[in-house]
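Proteins get letters first, then strands, A, B, ... in listed order; numbering begins at 1 in each.
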There are 2 protein chains.
Amino acid sequence: MEKDLKERIKEVAVDHFNNNGYHGTTIRNIANEVNCSLPMIYYYYKNKKELFDEIIKKDYFDLLKKQATLLSTNNIIDFYTKFVYDLNSLSDYDKKVYRLGIKVYLSFDGDEELMGIMDEWEKTILPRHYQLIKPYLKNRDNDLAMVRTLIHLLETLIVSIVVKNRFLSEEEIREEISIVLRRCE
Amino acid sequence: MEKDLKERIKEVAVDHFNNNGYHGTTIRNIANEVNCSLPMIYYYYKNKKELFDEIIKKDYFDLLKKQATLLSTNNIIDFYTKFVYDLNSLSDYDKKVYRLGIKVYLSFDGDEELMGIMDEWEKTILPRHYQLIKPYLKNRDNDLAMVRTLIHLLETLIVSIVVKNRFLSEEEIREEISIVLRRCE
DNA sequence: ATGTAACACTAACGAACGTTAGATAAAGGA
DNA sequence: TCCTTTATCTAACGTTCGTTAGTGTTACAT
């Protein structure tokens, strides 16, 4: 019982929500694994939904925002390669939070309120990356399509690492990003 | 009560499994929406799990196999554009089945047995597409990376249409596929 | 007419769920 | 010393779950 009980509850909750979904997760199972009594969970969290919401609204979006504020280097391919590769070394907890967030993002879990928040975030993705890549673009007619393609590729790479829990080498990440950003080299 | 009751049960079940996950779906809710009594579901399906399994093992893989047997035209970009674009016009039922399958594929639902089946299928993807694209490749050192990148792009496009229920125009699909397959033109 | 199979129901079982009431024990300030 | 706060518990509430036992009802073959 080294760590804070509230923190331990959330860690176990992330694990269970991840493996069994919102409905498949029970407060009793969480309490059992944390080795505390059942009402202790209600002592720290109002109810099941608040526990789930805090993970998404706080922990998941903290992760996303931290990732979004990374600054581009002078090489756009280096930057995006690192952007993806670094996900490999996320802590187990962060990886699970990320995975749970993607689950909600794809509306595989959570409720409509959370989906709305996800939609808002999604709208910021294309403009943000476009601004980031802009300096490297050669002003061709399909510039926007290239950014869109990159984002689509990134999404699958992120899912591979975070959701399917695969390790992707820096080399293969770079290869694929280079194929899409070929004209920026 | 026009259609077969067994069929109607499955249709409603697909809907509920999709919206609420396996654990969030109850036999009572299904029976209510189908407007039949509760034991009728057990008359046609041994239990809840068998109902879920039949949807994935039969309907989802039928969809995948049908898609996999499509023959390439003489233009590889045309082929893949059509491959993705046609998903837009899948029936509502098929789209939901597809979505549910992807949910299991990403291990967001289902059990370990189903995950095993998904893993087996996944292994066939890269060789299959490589064989398909091979004739159009210029034998460069990053040919395999290109096929991998294409598959990764396709995955996101499929998720957009089937999971997020977006409509993708033929034009934007073609643009993105062309960016990846640029050297095959 | 009678038997049998297929289709449908009502009612209930036991188990598990989310949640809460209420007690206890320790700690610290007044 | 007494009171309040914080952290923890046991026990239970009412509800809903998956599942089944048991019973009709139709339709068709013999």
Residue-phosphate contact under 4.0 Å: A/Thr26 side-chain N/O, C/dC17 OP1/OP2: yes
Any A/Tyr44 side-chain N or O less than 4.0 Å from OP1/OP2 of D/dT8: yes
Would you kindly give the [atom1]-to-[atom2] distance between [X] and [N], to the nearest whole Å?
X: B/Arg28; N: C/dA15; atom1: CZ; atom2: C1'; value: 12 Å
X: A/Met40; N: C/dG18; atom1: CE; atom2: P; value: 18 Å
X: B/Ile30; N: D/dT16; atom1: CD1; atom2: P; value: 17 Å
X: B/Leu38; N: C/dT10; atom1: CG; atom2: P; value: 10 Å
X: A/Asp4; N: D/dT6; atom1: CG; atom2: C1'; value: 13 Å
X: B/Asn29; N: D/dT15; atom1: CG; atom2: C1'; value: 14 Å
X: B/Asn20; N: D/dG18; atom1: CG; atom2: P; value: 12 Å
X: B/Tyr42; N: D/dG22; atom1: OH; atom2: P; value: 18 Å

Axial cation check for B/Tyr45 ring with B/Lys6, 6.0 Å and 45° limits: yes
Non-hydrogen atoms of A/Thr156 and B/His152 that approach each other most closely: OG1-O, 2.6 Å
Validation row: B/Phe61, B/Ile117 side chains within 4.5 angstrom (heavy atoms):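 Yes, side chains in contact.
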A/Gly24 vs A/Pro39, nearer the 5' end of DNA chain C by closest nucleotide: A/Gly24
Heavy-atom neighbours of A/Asp92 CG exceed 12 at 6.0 Å: no
Closest nucleotide among C/dA6, D/dT6, C/dG18 to the A/Lys48 side chain: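 The listed nucleotide nearest to A/Lys48's side chain is C/dG18.
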